[in-house]
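Just the heavy atoms: all of them, side chains too, but no hydrogens, waters or symmetry mates, feed the values below.
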Amino acid sequence: MGIIRIANAKQMLKRSITPKKNGMLGATDSPKKGHFAVYVGETNKRHVIPLSTLDHPLFRELLRWAEEEFGFDNSEGGLKIPCNEDYFEGLISLINST
């Protein structure tokens, strides 16, 4: 079951990396190499974070929680994480400091 979740997350990540003309990402908005975009909170604030973040256990747990609560089916493209923006920013800061 964990492999399926990771595969789903990778599909969503691939969508968030691929520029779209009519989606959340415009061709000029694509993240720089080695990074991906996530959309966080009620306002879908865009954060561009390093791909290496995917290897961190805390981020993986956040992805698992988001999938269990909300699923990864997002036709708009981009990976949405429905948590508080302050929580997400704190988590990313913690991950980057380790």
Side-chain angles (χ1 to χ4, degrees):
M1 183 164 278
I3 293 173
I4 293 171
R5 288 181 182 159
I6 292 172
N8 288 341
K10 284 183 179 180
Q11 286 177 337
M12 290 304 302
L13 175 61
K14 195 173 190 179
R15 288 185 198 162
S16 73
I17 293 173
T18 305
K20 289 188 167 189
K21 291 183 180 178
N22 296 322
M24 284 186 174
L25 293 177
T28 59
D29 296 328
S30 59
K32 63 183 178 178
K33 188 173 183 175
H35 292 73
F36 68 103
V38 296
Y39 299 87
V40 180
E42 292 179 12
T43 63
N44 288 322
K45 182 176 179 186
R46 184 172 190 249
H47 294 266
V48 177
I49 56 178
L51 286 172
S52 61
T53 305
L54 290 170
D55 292 331
H56 199 282
L58 290 175
F59 192 78
R60 285 180 181 240
E61 187 60 32
L62 179 63
L63 287 177
R64 278 189 213 102
W65 171 80
E67 180 188 27
E68 288 173 7
E69 290 292 318
F70 304 98
F72 280 130
D73 184 26
N74 179 9
S75 60
E76 295 178 18
L79 178 59
K80 289 186 180 181
I81 300 182
C83 70
N84 179 287
E85 289 177 31
D86 291 334
Y87 173 83
F88 181 81
E89 290 171 0
L91 179 70
I92 294 301
S93 178
L94 177 66
I95 290 170
N96 290 336
S97 70
T98 58

Out of curiosity, does [Y] fall in the hydrophobic cluster containing [X] (side-chain heavy atoms, cut-off under 4.5 Å, transitive links)?
X: Leu63; Y: Leu58; value: yes
X: Phe88; Y: Trp65; value: yes
X: Val40; Y: Leu51; value: yes

State, to 0.1 Å, how close Pro82 and Ala66 come at their nearest heavy-atom pair, and which atoms those are.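 Closest approach of Pro82 to Ala66, heavy atoms only: CD-CB, 4.0 Å.
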Give, for atom [atom1] of [X] and atom [atom2] of [Y], the distance between the pair rounded to the nearest 0.5 Å.
X: Leu62; Y: Ile81; atom1: CG; atom2: CD1; answer: 4.5 Å
X: Ile95; Y: Ile92; atom1: CD1; atom2: CD1; answer: 4.5 Å
X: Asn96; Y: Ile49; atom1: CG; atom2: CD1; answer: 8.5 Å

Test your reading of the model: is there a side-chain donor-acceptor pair from His35 to the backbone of Lys33, 3.5 Å cut-off?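 Flag set: sc His35 to bb Lys33 pair under 3.5 Å.
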Under a 3.5 Å distance rule, please check whether Arg46 uses its side chain to pair with a backbone N or O of Val38 as donor and acceptor.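 Between the backbone of Val38 and the side chain of Arg46 there is no qualifying donor-acceptor contact (under 3.5 Å).
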Results of side-chain hydrogen bond (donor to acceptor under 3.5 Å, both in side chains) for Thr43 - residues two or more places apart only: Glu85
Kindly write out the residues that satisfy salt bridge (Lys or Arg N to Asp or Glu O under 4.0 Å) with Asp86, not counting sequence neighbours, or none if the list is empty.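 For Asp86 there are no salt bridge (Lys or Arg N to Asp or Glu O under 4.0 Å) partners, ignoring immediate neighbours.
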Between Arg64 and Glu61, does at least one N-O distance fall below 4.0 Å, as a salt bridge requires?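 Answer for the salt bridge query: yes.
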